[in-house]
Student: 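My questions all concern the structure below.
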Amino acid sequence: MEDIIAWGETEEKSDYDWGTYKYYYYDSNGTSHFIHIGDDIAGTQYDVAHVKWGGSWRMPTSDQIKELIDNVVYWNTYWTTQNGVDGLLVPGPNGGTIFLPAAGARWNDYLENEGEFGYYWSSSLYPYYYEDYASIAYRLDFYHGGAMGRGDDCRIFGLSVRAVCP
């Protein structure tokens, strides 16, 4: 199974919600706040790929996810199973492929869409702020039908991370 991580955190946990997210709190007036850890966390202490793998490994930026989507020949992308894990096999322009497991997502203690959907964090915050600090980050997503897209999600959710080494 793929590690599932909240954006900016570096360890898996059993519960993904407002109360367990490291970078969210309520002030003395009961107002909620996200803690700003950067507009792009690639290569920082908040980047799970960099923390776990070291060196030049890091999370992909939103622009790199867009580049991946733009360079995929959709009719060549196909759903497959590797080592008992369902996911998407994505061909690149260089003739190579990457396998993206459909690990689903976590909210609270519930794993949803495992084996049907893949959601992968980027290192980039969504540029439109909902609160005093951005609460939303970009992600790559796909489903069993094979279509890939760039979406966004609240940072507290547990999604997968696909490391890159530029």
Side-chain angles (χ1 to χ4, degrees), residues 1-18 20-21 23-24 34 39-42 46-50 52-53 57-128 130 134-166:
M1 182 170 114
E2 190 84 5
D3 283 352
I4 294 180
I5 305 289
W7 194 85
E9 294 185 347
T10 58
E11 297 292 330
E12 281 191 292
K13 54 190 178 183
S14 59
D15 193 14
Y16 292 81
D17 65 24
W18 304 103
T20 64
Y21 186 55
Y23 307 109
Y24 181 81
F34 279 90
D39 292 333
D40 193 308
I41 59 171
Y46 307 107
D47 177 343
V48 65
H50 183 69
K52 298 243 183 206
W53 290 24
W57 289 98
R58 61 176 177 75
M59 295 168 69
T61 65
S62 175
D63 288 343
Q64 287 173 316
I65 285 176
K66 183 178 180 322
E67 179 182 1
L68 173 67
I69 294 166
D70 290 347
N71 286 299
V72 168
V73 179
Y74 287 101
W75 57 267
N76 250 353
T77 305
Y78 64 96
W79 197 258
T80 188
T81 302
Q82 290 190 2
N83 300 320
V85 177
D86 292 330
L88 198 65
L89 191 62
V90 183
N94 65 356
T97 59
I98 60 171
F99 176 69
L100 298 173
R106 284 203 179 272
W107 168 244
N108 291 321
D109 61 351
Y110 179 69
L111 176 62
E112 59 184 30
N113 299 318
E114 181 180 27
E116 293 292 323
F117 287 80
Y119 308 98
Y120 286 78
W121 284 126
S122 81
S123 62
S124 310
L125 283 180
Y126 190 74
Y128 303 105
Y130 290 12
S135 59
I136 307 291
Y138 279 113
R139 71 172 192 224
L140 168 72
D141 49 20
F142 60 88
Y143 65 97
H144 186 247
M148 294 175 58
R150 185 175 67 164
D152 53 76
D153 230 328
C154 187
R155 296 170 13 184
I156 68 171
F157 294 130
L159 306 182
S160 300
V161 172
R162 172 67 180 203
V164 297
C165 191

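None of these values were measured; they are calculated from a predicted model.
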Student: Measuring from Met148:CE to Ile69:CD1, what's the distance to the nearest 0.5 Å?
Tutor: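 That separation rounds to 5.0 Å.
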Student: Before you tell me yes or no, could you show the steps for Leu125 and Arg155 under side-chain contact (heavy atoms from CB on, under 4.5 Å), namely the whole-Å CA-CA distance, both residues' side-chain angles and the distance that decides it to 0.1 Å?
Tutor: CA-CA 9 Å; Leu125 283 180; Arg155 296 170 13 184; 3.7 Å; yes
Student: Find out whether Ile156 and Trp107 are in side-chain contact, i.e. whether some heavy atom of one side chain is under 4.5 Å from a heavy atom of the other.
Tutor: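 Yes, close enough: below the 4.5 Å cut-off.
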Student: Going by the rule ring-ring contact (aromatic ring centres under 6.0 Å, His included), which residues pair with Phe99 if we only count those two or more places apart in sequence or in a different chain?
Tutor: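 For Phe99, no residue satisfies ring-ring contact (aromatic ring centres under 6.0 Å, His included) once neighbours in sequence are set aside.
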Student: Does the pair Glu112 and Tyr119 meet the rule for a side-chain contact (heavy atoms from CB on, under 4.5 Å), with working shown?
Tutor: CA-CA 11 Å; Glu112 59 184 30; Tyr119 308 98; 5.5 Å; no
Student: Would you say the side chain of Gln82 lies within less than 4.5 Å of the side chain of Leu89, judging by non-hydrogen atoms?
Tutor: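 SC-SC contact between Leu89 and Gln82 confirmed.
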Student: To the nearest 0.5 angstrom, please state how far the CD1 atom of Ile98 sits from the CG atom of Leu68.
Tutor: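 CG of Leu68 is found 5.0 Å from CD1 of Ile98.
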Student: Contact between Trp79 and Leu88 at the side-chain level, heavy atoms closer than 4.5 Å - yes or no?
Tutor: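 They are in side-chain contact.
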Student: Considering all heavy atoms of both residues, which atom of Ala6 and which atom of Trp121 are nearest to each other, and what is their separation?
Tutor: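 Reported closest heavy-atom pair: C-NE1, 3.9 Å.
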Student: Quick one: does any side-chain atom of Thr20 pair with a main-chain N or O of Asp15 as donor and acceptor, under 3.5 Å?
Tutor: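 Yes: the side chain of Thr20 pairs with the backbone of Asp15.
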Student: Testing Tyr23, Trp18, Tyr24 for ring pair (Phe, Tyr, Trp, His ring centres under 6.0 Å) with Tyr21, which one passes?
Tutor: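 Exactly one option meets the ring pair (Phe, Tyr, Trp, His ring centres under 6.0 Å) with Tyr21, and it is Tyr23.
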Student: Does Gly96 offer a backbone N or O that forms a donor-acceptor pair with the side chain of Asn94 under 3.5 Å?
Tutor: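 It does hold such a pair.
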Student: Exactly one of Met59, Lys52, Arg58, Arg139 should register a side chain to side chain contact (heavy atoms under 4.5 Å, CB included) with Val161. Which one does?
Tutor: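 Of the listed residues Met59, Lys52, Arg58, Arg139, the side chain to side chain contact (heavy atoms under 4.5 Å, CB included) partner of Val161 is Met59.
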Student: Considering only heavy atoms from C-beta outward, does the side chain of Ile5 approach that of Glu12 to under 4.5 Å?
Tutor: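 Heavy-atom side-chain distance check passes, below 4.5 Å.
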Student: Please state whether the rings of Phe117 and Tyr143 are parallel, tilted or perpendicular, taking 30° and 60° as the class boundaries.
Tutor: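 If you compare the ring of Phe117 with that of Tyr143, the planes turn out tilted.
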Student: Roughly how far, to the nearest 0.5 Å, is the CG atom of Asn108 from the CG atom of Asp17?
Tutor: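 With rounding to 0.5 Å, CG (Asp17) is 5.0 Å from CG (Asn108).
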Student: What closest approach, in Å, do Ala49 and Asp47 show between heavy atoms, and which atom pair accounts for it?
Tutor: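 Looking at all heavy atoms of both residues, the closest pair is N-OD1, 2.9 Å.
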Student: Nearest 0.5 angstrom please: His144 NE2 to Asp86 CG, how far?
Tutor: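 Between atom NE2 of His144 and atom CG of Asp86 there are 6.5 Å.
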Student: Does Cys154 reach the side chain of Tyr16, with side-chain heavy atoms less than 4.5 Å apart?
Tutor: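 They are not in contact (no side-chain heavy atoms under 4.5 Å apart), so the answer is no.
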Student: State which residue, out of Leu140, Leu100, Thr97, fulfils the side chain to side chain contact (heavy atoms under 4.5 Å, CB included) condition with Val90.
Tutor: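 The option that passes is Leu100.
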Student: If every non-hydrogen atom of Ser62 is compared with every non-hydrogen atom of Ser124, which pair is closest and at what distance?
Tutor: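 Closest approach of Ser62 to Ser124, heavy atoms only: N-OG, 2.9 Å.
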Student: What pair of heavy atoms forms the shortest contact from Leu111 to Glu114, and how long is it?
Tutor: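 Where Leu111 meets Glu114 most closely, the heavy atoms are CD2-OE1, 3.2 Å.
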Student: Checking Thr61 side chain against Gln64 main chain: does a donor-acceptor pair fall under 3.5 Å?
Tutor: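 Checking the backbone N and O of Gln64 against the side chain of Thr61, a donor-acceptor pair under 3.5 Å is found.
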Student: Looking at Lys66, I'd like to know if its NZ atom is crowded, meaning that more than 12 non-hydrogen atoms belonging to other residues, nucleotides or ligands lie closer than 6.0 Å.
Tutor: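 It does not: Lys66 NZ has 12 such atoms or fewer within range.
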Student: Which distance, rounded to the nearest 0.5 Å, do you find between the CZ of Phe142 and the OH of Tyr120?
Tutor: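 Going from CZ on Phe142 over to OH on Tyr120, the span is 5.0 Å.
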Student: Rounded to the nearest 0.5 Å, what separates atom CH2 in Trp7 from atom OH in Tyr46?
Tutor: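 The OH atom of Tyr46 is 10.0 Å from CH2 of Trp7, to the nearest 0.5 Å.
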